[in-house]
Amino acid sequence: MTFAVALGLLFFLMRAAPGDPLFRLSADRPISPQEIKVLRARYGLDRPVGEQLGAFVGGLLRGDLGVSIEHGRPVTALLAERLPATMLLGGSVLLLNFTLGLWLGVRQAVRHGRREDRWLTTASLTGYAMPSFWLGLVLAWLVGVEWRLLPAAGMQDPLMDADAGWLARVGDILRHLILPTATMSIVSIAATMRYQRAAMLEVLRLPYIVTARSKGLSERLVTWRHGWRNALFPVITLFGLWLPILVSGSVFVEAVFAWPGLGSLAANAVGSRDYPLLMGASLLVAALVVVAGFLTDVAYALLDPRVRLG
Amino acid sequence: MTPWTPRIAIAAVLACAVVTTVGAQANRGRGTSIVIVTGGQATLPIPTLMEGAEASVGNLDVADQLFLRLADLGPKLLTAGDSHFVPALARSWTRRDSVTLAFDLDSRARWHDGTPVTARDVVFTITRAKNPTVAPRLSELLRQIASVTAEGPGRVVFRFVQPYAEQLYDATFHVAPLPSHLLDSISPTEMRRSAYVTRPIGSGAYRWVRNVPGQFVELAAVQSFFLGTPKIGRVILRTAADASARLNLLLSGQADAMDIIPPPPENLRRVAADSTLRLISVPSSTVGYLLFNQRDPKNRARPHPVLADIRVRRAITLGLDRRQLVQAVFGTQAVVPYGPVSQMLWIRHGAPEPEAPNVSEARRLLAATGWGDSDGDGTLDREGRPLRLLLSLPNTSGVRRQMALLVQEQLRRIGIQIEIQQLEFPIWQERRTAGDFDVDFSSVSQDASPSGLTQSWACTGGNNVAGYCDRTVDSLMTEAIVGRGDPAETWIDAVRQIEEGAPAAFIYAPTFAYAVNRRYRAVTISPQSSWITLRKWSVSQDQESHRGK
């Protein structure tokens, strides 16, 4: 149902927005009315909107999202090509976010008020305040151009030997992954740390933690088994919110590092009014929202016996 | 968290360091390769299919490596006449009469699968290109070709609708032949979904190797290429849509060449400071201008209340210090054009110098049309209405955004209030096409042929959105295209007439700066197609042996 409503809204809102997708094509050179007419027919834009929606839904049921106006290729193929890069980048950011971010957040809460907490608070606030596009530009310039420690852009070295082994190929992708991941993670880890710290501080004040300590349990056990488990809920909510954003929200980072992901593809589709591609990308994000919601519910149920799925 | 956590973390970091080092070692150097970074990736670099969005620079760049035309434009880029072209697939051509041209194909020419290139391939391609449902843009460009016939396998004859100066240009430039033996069994409408487009076979100096979507296209030299084996063995056309990413790839050594270093001039200085790179200036096909709407945007049947008067349009042009505008935004990388003539168009030679700014004359012209500053607020007014104009431009163009601010300031000094309206590109384009603007900051990329000027400056031109119409200009342009006199002089007369009518203030005609690593020799770049001469480049012997395979 959520999906159907999102689909209908997207379809009509896109067409209600001013700007014709075919006028975009005359960006550099004049385009004749005859050419516009042929292209309009090719992409089905000469049909009534209701008919276009019918054709889109029919195609969707067959797994065909149409042909991109900007790229001239099937939308499903374009999304399939770009999704792995996005998943890799987004997955790496999530992994760092929910390992390092959580660990640091808990560490801060446990050392509340001490020098380490204050230092990490300053660091996290600094990270959170940093715009990712600016950070990306600085890292690319400093690490990639000035120091030449890591690739400044791209996802793989096109000059890699044809007979290079899998380890070399993985290594090559990892080298390219470091800067965009760092750019996105510095901001997102800071947010996760803040959430985790606040939630953990809340939990550590509760009576059952005092009871656990009075039973003689070690501080590590109290913190991680009894405290952390209950301090995870706000962070799981955050995870549910992050998942779709990581697909659609990495536009700047993808652009700065020429990362061949979905974010820049979708952003360009907005600018060019590429309806089929925009619909495809939006549906993917809508699907991720649904998946993220489901995963969040499952995680709640796993952590809290009072929550049941169904 | 266990005591093992820090150890696991350290182990993970070390493992990553080892793997990334292995990854870095796998590239043993560039050898005879070149990595070119560009803004757009080739999605469909196939002649006859590059229509609509596929008529992109990314596609054209790759198509020019894969496919050879019958003949190429010469170094002067002269499109009129039969003598300034360079043989390619056709080794020679002869004129039979004023409407018939015969081309003799080079018998050594081969498709990448080894099949000879024949006249049948040319006939097949032109027939497809003239089909308006397959190729609406091409069919329009080739409308003057009446027929194409094969006379045996090695000769192809073009017949034209009428005598005109650019017959050879039309026959050779717009579309390169396709292999009919691979494509004639595929219907024109199915071609873009066929296996051929994923692994095209052409007749050019380079053959298709692979496409890594969103990242790069790889081509390899054809060792048996009949015009000489290319010395650069491997070409990578790497994509980065963002200009700063392209620049970083170049400056970090990940790319050897880059087309069009974007403004601001600081970018040029950064490239120039790198001793491994050489900057090459190339005349561009772009021209930017303030287009004055001569029809009322609210009612196209009426003349524009302010800009229909030529004196106001001329006053605006004279009130602008266009050289200063160009200098501020482009540095030395652009000039003020005379009329709508980019630096690439051959008719620019012999054109007069653009008019210098003349603020007092601008004020006099405005006063003569009744505009005066009655309330002393600095803005001219007439019958109680201030002289205020809306300047529309797309928010995607940094150059035009910067210039618009300078234009606003310069015109404020002569009492004209400019309100800048930045619009999202599709919206700007839609309004422009509908004639919904006062002044439009336009920028066009021109064909090599001046006949493309009719699109914007002829009364019935498809891109004439401002209601400009001068019958003298129309007849001069028609005379230049189909007349028997010297087309160059007639074109300059037409451009002079356009300048005098002041339908626009022509602001900038840039020179594009390309950057190429110094290890490449015999480097030339054609304004018509960035990398078309790549097959003639070579690699410095020293560096080749030092660096690679």
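Throughout, a chain's letter reflects where its sequence line sits, starting with A, and its residues are numbered from 1.
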With sequence neighbours left out, what residues match A:Phe98 under ring pair (Phe, Tyr, Trp, His ring centres under 6.0 Å)? A:Phe239
Tell me which of these, A:Ser264, A:Ala153, A:Gly154, A:Gly136, has more heavy-atom pairs under 4.5 Å with chain B than the rest. A:Ala153
Please determine, among A:Lys37, A:Glu81, A:Arg73, the option with the most heavy-atom pairs under 4.5 Å with chain B. A:Glu81
Hey, is [atom1] on [X] packed in by over 12 heavy atoms from elsewhere, all under 6.0 Å?
X	atom1	answer
A:Met87	CE	no
B:Trp457	CH2	yes
A:Arg111	CZ	yes

Nearest-0.5 Å distance that lies between atom [atom1] in [X] and atom [atom2] in [Y]:
X	Y	atom1	atom2	value
B:Arg238	A:Asp157	CZ	CG	6.5 Å
A:Glu254	B:Asp242	CD	CG	11.5 Å
A:Leu22	B:Thr433	CG	OG1	11.0 Å

Applying side chain to side chain donor-acceptor pair (under 3.5 Å), name anything that partners A:Asp274, two or more places apart in sequence or on another chain. A:Ser68
Chain A contact via [X] - which portion, at a heavy-atom distance below 4.5 Å:
X	answer
B:Pro132	both
B:Ser56	neither
B:Thr133	backbone
B:Val212	side chain
B:Arg431	neither
B:Val217	neither

Top of B:Leu44, B:Leu49, B:Ile236 for chain A proximity - count of heavy-atom pairs under 4.5 angstrom: B:Ile236
Could you check which of B:Arg192, B:Arg432, B:Gln41 has the highest count of heavy-atom pairs closer than 4.5 Å to chain A? B:Arg192
With a 4.5 Å cut-off on side-chain heavy atoms, are B:Arg234 and A:Leu159 touching? yes
Closest non-hydrogen contact found for B:Pro213 with A:Pro260 is O-CB, 4.1 Å
Walk me through it: do B:Gln254 and A:His176 pass the test side-chain contact (heavy atoms from CB on, under 4.5 Å)? CA-CA 12 Å; B:Gln254 286 179 268; A:His176 286 82; 3.9 Å; yes
Trace of the side-chain contact (heavy atoms from CB on, under 4.5 Å) decision for B:Ile427 with A:Arg273: CA-CA 10 Å; B:Ile427 300 172; A:Arg273 299 288 189 277; 3.8 Å; yes
Residues 138-147 of chain A: residues contacting chain B (heavy atom under 4.5 Å, by number): A:Ala140, A:Trp141, A:Gly144, A:Val145
Strictly distance-based, threshold 3.5 Å: is any side-chain N or O of B:Glu54 a donor or acceptor partner for the main-chain N or O of A:Gly72? yes
Could you pull out all residues at least two apart from A:Arg42 that satisfy salt bridge (Lys or Arg N to Asp or Glu O under 4.0 Å)? none
